[in-house]
Amino acid sequence: MATMREVRRNAFMLVATALTVAAIACNILLQQGPEHPVRLLALPLGVCAALLIFLPFVTLKKHGAAEPGSSYMHTSAVVDRGLFGVVRHPQYLGYMCLNATFALTSMHWITVALGVAAVVFFYLHAMSEERFMLEKLGADYEQYMHRVPRFNVVAGMVRAIATKK
């Protein structure tokens with residue numbers, strides 16, 4: 001039976017995903033907002049989103065110590081390589097960037113509102129996920145939390161470069 005914490009964690013992700021799908025639909029269906037130079041940020045942000053979302057699959061599969069034949073999602077070890085050595089939640093950050101990409105390309109207030117709400121729920125889900133990982137992986141994950149920032153890519157890159165020297 002699922003605990004209340006698990007239900008809440010799953011609800012955050014479900015709501016964040018639904019808001020993202022709604023933002024994508026609005027981006028497609030609604031008339032675009034006014035032209036603005038800030039739209040130029042959408043393409044590099046979208047590329048970053050794709051990298052942040054898809055590269056972790058490979059890293060988790062390779063280094064996550066999941067049981068043979070099981071999903072990468074059943075990792076049983078702290079992974080601090082690749083993007084996970086820069087930020088703790090690269091995929092959630094990627095989904096946040098994806099929502100920002102759609103908000104920038106659409107420039108429609110509804111898409112922007114949905115994107116902002118999705119970002120809030122991805123953040124809440126990440127916070128809940130951290131509590132879950134602390135219970136699952138204990139002190140190893142706690143040490144990881146002290147070493148690697150949650151979402152701050154700049155601080156994570158500075159830390160990663162400093163530790164390589």
Side-chain angles (χ1 to χ4, degrees), residues 1-61 64 71-75 79-80 82-136 141 144-145 148-160:
M1 178 137 185
T3 67
M4 190 57 156
R5 186 178 292 177
E6 290 171 319
V7 169
R8 185 174 41 243
R9 185 168 55 97
N10 291 333
F12 288 149
M13 187 59 162
L14 180 64
V15 171
T17 302
L19 289 165
T20 300
V21 170
I24 293 168
C26 287
N27 192 2
I28 294 168
L29 299 173
L30 296 176
Q31 182 177 350
Q32 302 293 299
E35 289 297 322
H36 197 280
V38 76
R39 274 196 176 147
L40 297 173
L41 296 174
L43 180 61
L45 193 57
V47 170
C48 287
L51 293 173
L52 288 165
I53 292 168
F54 294 110
L55 287 178
F57 291 132
V58 177
T59 307
L60 287 174
K61 184 80 172 155
S71 166
Y72 74 92
M73 293 180 66
H74 294 102
T75 184
V79 177
D80 60 357
L83 291 172
F84 290 100
V86 178
V87 291
R88 291 195 301 263
H89 303 287
Q91 289 175 308
Y92 301 145
L93 181 59
Y95 291 123
M96 292 174 180
C97 290
L98 182 68
N99 276 282
T101 299
F102 287 117
L104 287 171
T105 57
S106 169
M107 298 294 279
H108 192 285
W109 71 269
I110 294 175
T111 307
V112 172
L114 288 167
V116 168
V119 166
V120 168
F121 277 94
F122 278 118
Y123 182 85
L124 292 172
H125 181 68
M127 299 290 289
S128 180
E129 186 78 9
E130 286 181 354
R131 287 188 292 275
F132 172 76
M133 295 307 290
L134 275 169
E135 289 174 10
K136 182 177 177 181
Y141 194 78
Y144 174 65
M145 290 174 69
V148 179
R150 183 177 293 131
F151 292 118
N152 189 335
V153 175
V154 174
M157 290 176 73
V158 167
R159 186 208 64 81

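All values reported here derive from a predicted model rather than from experimental measurement. Side chains included, hydrogens not; waters and symmetry mates left out as well; all remaining heavy atoms used.
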Asks: Work out which heavy atom in Thr101 is nearest to a heavy atom in Ala42; give both atom names and the distance.
Replies: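 Looks like CG2-O, 3.5 Å.
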Asks: Measuring only between side-chain heavy atoms, which start at C-beta, is Pro149 closer than 4.5 Å to Arg88?
Replies: no
Asks: Could you tell me if the side chain of Leu124 sits less than 4.5 Å from the side chain of Arg8, heavy atoms only?
Replies: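 Answer no - side chains too far apart.
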Asks: For Asn27 versus Thr111, what's the shortest heavy-atom pair and its separation?
Replies: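 Answer, listing the atom of Asn27 first, then Thr111: N-OG1, 3.9 Å.
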Asks: Specify the closest pair of heavy atoms between Leu52 and Gly94, including all atoms of both residues, with the distance to one decimal.
Replies: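 Scanning both residues, the minimum pair turns out to be CB-CA, 3.6 Å.
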Asks: Below 6.0 angstrom between ring centroids: does that apply to Tyr95 and Tyr92?
Replies: no
Asks: Calculate, to the nearest 0.5 Å, the distance between atoms CE and OH belonging to Met96 and Tyr123 respectively.
Replies: 8.0 Å
Asks: Starting at SG of Cys97, measure out to CG of Leu41 and round the result to the nearest 0.5 Å.
Replies: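 If we round to the nearest 0.5 Å, Cys97:SG and Leu41:CG are 11.5 Å apart.
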Asks: Can you name the closest pair of heavy atoms from Val79 and Leu60 and give their distance?
Replies: CG2-CD2, 3.9 Å
Asks: Enter the distance from Asn152:CG to Leu93:CG here, rounded to the nearest 0.5 Å.
Replies: 9.5 Å
Asks: To the nearest 0.5 Å, tell me how far Arg39 CZ sits from Ser106 OG.
Replies: 7.0 Å
Asks: Where do Glu130 and Tyr141 land on the side-chain contact (heavy atoms from CB on, under 4.5 Å) test, with the steps shown first?
Replies: CA-CA 9 Å; Glu130 286 181 354; Tyr141 194 78; 3.7 Å; yes
Asks: What is the distance from atom OG1 of Thr105 to atom CD of Gln32, rounded to the nearest 0.5 Å?
Replies: 6.0 Å
Asks: Starting from the C-alpha separation in whole Å, work towards a yes-or-no answer on side-chain contact (heavy atoms from CB on, under 4.5 Å) for Arg9 and His125.
Replies: CA-CA 6 Å; Arg9 185 168 55 97; His125 181 68; 3.5 Å; yes
Asks: Does Asn10 use its side chain to pair, donor to acceptor, with the backbone of Glu6 at less than 3.5 Å?
Replies: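 Between the backbone of Glu6 and the side chain of Asn10 there is a qualifying donor-acceptor contact (under 3.5 Å).
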Asks: With a 4.5 Å cut-off on side-chain heavy atoms, are Leu55 and Pro90 touching?
Replies: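 With C-beta onward as the side chain, the pair stays apart.
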Asks: Do Phe122 and Met13 have side chains that approach each other closer than 4.5 Å (heavy atoms only, starting at C-beta)?
Replies: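 Yes; the side chains approach each other to less than 4.5 Å.
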Asks: Between Phe151 and His89, is any pair of side-chain heavy atoms under 4.5 Å apart?
Replies: yes
Asks: Please step through side-chain contact (heavy atoms from CB on, under 4.5 Å) for the pair Leu114 and Phe102, ending with a clear verdict.
Replies: CA-CA 10 Å; Leu114 288 167; Phe102 287 117; over 6 Å; no
Asks: For a 4.5 angstrom cut-off between non-hydrogen side-chain atoms, does Leu83 reach Thr59?
Replies: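 Side chain of Leu83 against side chain of Thr59, heavy atoms only: no contact under 4.5 Å found.
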Asks: Quick check: does any side chain N or O of Arg159 sit under 3.5 Å from a backbone N or O of Gly85, one acting as donor and the other as acceptor?
Replies: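 A pair under 3.5 Å: yes.
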Asks: Give, for atom CG of Asn99 and atom CD1 of Ile24, the distance between the pair rounded to the nearest 0.5 Å.
Replies: 7.5 Å
